[in-house]
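Naming: A, B, ... by sequence-line order, numbering from 1 per chain.
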2 protein chains.
Amino acid sequence: MVGLRERKKLETRRALSWAAIRLVVERGIAGVRVEDVAEEAGVSERTFRNYFATLADAVADRHLERSLQIADELRRRPAGEPLWEALRRAVETRFGLGAADSAPDPVWVAGVRAMVTEPGLHGAMQKTAATAAETLAAAVADRTGTDPERDLYPKLVAAAVGAAVGAATEHWLRADPPVPMGPLLVEALDRLSSGLPEPSEEDA
Amino acid sequence: MVGLRERKKLETRRALSWAAIRLVVERGIAGVRVEDVAEEAGVSERTFRNYFATLADAVADRHLERSLQIADELRRRPAGEPLWEALRRAVETRFGLGAADSAPDPVWVAGVRAMVTEPGLHGAMQKTAATAAETLAAAVADRTGTDPERDLYPKLVAAAVGAAVGAATEHWLRADPPVPMGPLLVEALDRLSSGLPEPSEEDA
DNA sequence: CGCATTTTTGCCGATCCGGCAGAATCTTCG
DNA sequence: CGAAGATTCTGCCGGATCGGCAAAAATGCG
């Protein structure tokens with residue numbers, strides 16, 4: 001039972017985050033004040049601060065929400081499925097933007113590009129990655145019967161997956177001509193689960 | 001030929017960073033103002049800002065310097081050595097604190113603990129990791145004859161190694177009773193280079 | 001020593017940041 | 001429905017951050 005309150009809160013949060021993304025894409029982070037974002041979202045500056053500590057956090061929030069869904073999706077995969085298979089599917093489902101058939105939301109793509117490009121956003125992005133990794137580690141631990149507190153394994157897997165997604169994203173943004181995201185993700189994860197052997201020859 | 005100028009500049013930088021670490025360990029990040037750090041290091045607050053954008057950056061700077069050395073060390077490894085062997089040695093050399101024989105610097109350990117513990121430092125730490133990963137990726141690319149711009153491989157490896165070091169560090173800090181860092185690092189990297197297979201049974 | 005270059009510093013306005021308390025809004029319960 | 005209770009929004013405010021600017025100090029060089 002989600003009351004009106006919860007819903008409005010989430011609405012405000014998303015409105016603020018989207019406003020922050022739009023404005024930062026438009027003017028660059030240096031040209032955006034917290035006040036501007038608050039106004040764009042129709043709340044006071046003080047309210048902005050009730051939701052986010054910094055402008056960068058607001059920008060990164062949409063990315064965080066997406067990232068956290070990987071763990072959700074992993075838990076949703078059938079129990080019998082091998083871990084890396086499940087991880088690949090989970091990541092593909094939640095991050096496989098830019099498929100050949102459906103064009104991704106241009107605002108979102110511009111937003112991601114800004115997040116990767118603007119140095120002022122890197123901190124928040126990395127913090128996002130860390131949070132997502134922790135959540136994913138818990139899901140991996142549950143699936144593999146390990147303990148995040150005692151075993152190195154789940155956090156290692158989570159961090160490695162995060163690294164793979166990050167590397168794939170960066171590569172995807174740079175790609176010219178554009179390539180679909182899905183295959184890049186699959187390639188990165190497959191390499192990971194094969195132990196990252198040195199590429200034998202030119203595999204351009 | 002490094003002039004007096006260069007040397008003094010580096011000295012000031014390190015003095016500021018160490019001062020920041022000491023004070024943050026002592027009072028927590030919330031209890032430290034930039035002004036305090038500047039005073040402790042014997043320079044003006046404005047000068048602090050010539051070196052670091054934020055207090056957190058100053059704290060993380062020693063860690064950054066260490067992290068960048070992994071790439072140096074990798075380049076120093078013999079060319080014939082397999083990549084993962086070289087990576088393991090490089091990481092072990094630069095990060096293998098807490099060996100059974102020599103106790104690590106307590107101030108440094110407390111500093112690392114603070115960096116991992118204090119949420120206010122996470123952003124700077126992650127930024128550090130990202131910078132180090134980029135540098136390491138370049139070294140990996142050189143060694144494997146790949147191109148960081150075109151190939152996914154070097155960044156993927158660098159990010160994965162960073163993840164392994166991070167997971168090992170976190171685990172090391174939590175370990176009670178304390179365990180030496182070296183073996184943890186080796187374990188993490190070996191698992192990586194074996195494709196992170198699911199742990200078969202209880203391997204407590 | 002005297003000049004060129006680089007670094008340090010004080011000054012200052014814009015902005016950030018978060019505690020506080022009252023107003024506004026939603027929720028629960030009689 | 002209406003009042004009490006809980007939560008959120010907002011204005012106010014002072015301390016701290018942040019970075020541009022130009023004068024002063026330190027360093028390097030001929």
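Looking at every heavy atom in both residues, A:Leu192 comes nearest to A:Ala160 through CD1-O, 3.4 Å. Taking all atoms of both residues into account, the shortest heavy-atom contact from B:Glu198 to A:Leu83 is OE2-N, 2.8 Å. Nearest approach of B:Leu121 to B:Met115, heavy atoms of both residues: CD1-CA, 3.7 Å. Between B:Ala188 and A:Leu156, the shortest heavy-atom contact is O-CD2, 3.7 Å.
For A:Glu81, the side-chain contact (heavy atoms from CB on, under 4.5 Å) criterion is met by A:Arg77, A:Pro78, A:Glu85, A:Ala86, A:Arg89, A:Arg143, not counting sequence neighbours. Not a single side-chain hydrogen bond (donor to acceptor under 3.5 Å, both in side chains) links A:Glu118 to another residue, sequence neighbours left out. In this view, A:Asp72 satisfies the salt bridge (charged side-chain N to carboxylate O under 4.0 Å, His left out) rule with no residue, not counting sequence neighbours. In this view, B:Arg49 and B:Glu45 satisfy the salt bridge (charged side-chain N to carboxylate O under 4.0 Å, His left out) rule, not counting sequence neighbours. In this view, A:Glu39 satisfies the side-chain contact (heavy atoms from CB on, under 4.5 Å) rule with no residue, not counting sequence neighbours. For the side-chain contact (heavy atoms from CB on, under 4.5 Å) test, residues two or more places apart in sequence or in another chain that qualify with A:Ala139 are A:Ala71, A:Leu74, A:Arg75. Residues meeting the side-chain hydrogen bond (donor to acceptor under 3.5 Å, both in side chains) test with B:Thr131, sequence neighbours left out: none.
With rounding to whole Å, B:Leu55 atom CG is found 12 Å from D:dA16 atom C1'. In this structure, CD of B:Glu11 is placed 11 Å from P of C:dT8, rounded to the nearest angstrom.
Among residue pairs with one or both ends in residues 25-48 of chain A, those qualifying as ring-ring contact (aromatic ring centres under 6.0 Å, His included) are A:Phe48-A:Phe52; sequence neighbours excluded.
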Using nucleotides 4-7 of chain C, report all nitrogen or oxygen pairs with the protein that are shorter than 3.5 Å.
from	atom 1	to	atom 2	distance (Å)
C:dT5	O2	B:Arg5	NH2	2.8
C:dT6	O4'	B:Arg5	NH2	3.4
C:dT6	O2	B:Arg5	NH2	3.3
C:dT7	OP1	B:Lys9	NZ	3.2

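Contacts between residues 27-49 of chain A and DNA chain C, defined by a heavy-atom separation under 4.0 Å, are made by A:Arg33, A:Val34, A:Arg46, A:Arg49. Remark: nothing in residues 114-123 of chain A comes within less than 4.0 Å of DNA chain C through any heavy atom.
With axes fitted over five pairs at each extremity, the angle between the ends of the helix from C:dC1-D:dG30 to C:dG30-D:dC1 is 30° (10° resolution).
For the OP1/OP2 pair of C:dC26 and a distance below 4.0 Å, the side-chain nitrogens and oxygens of A:Lys8 include at least one atom meeting the criterion.
The only option from A:Leu152, A:Val157, A:Asp151 that meets the side-chain contact (heavy atoms from CB on, under 4.5 Å) definition with A:Thr146 turns out to be A:Asp151.
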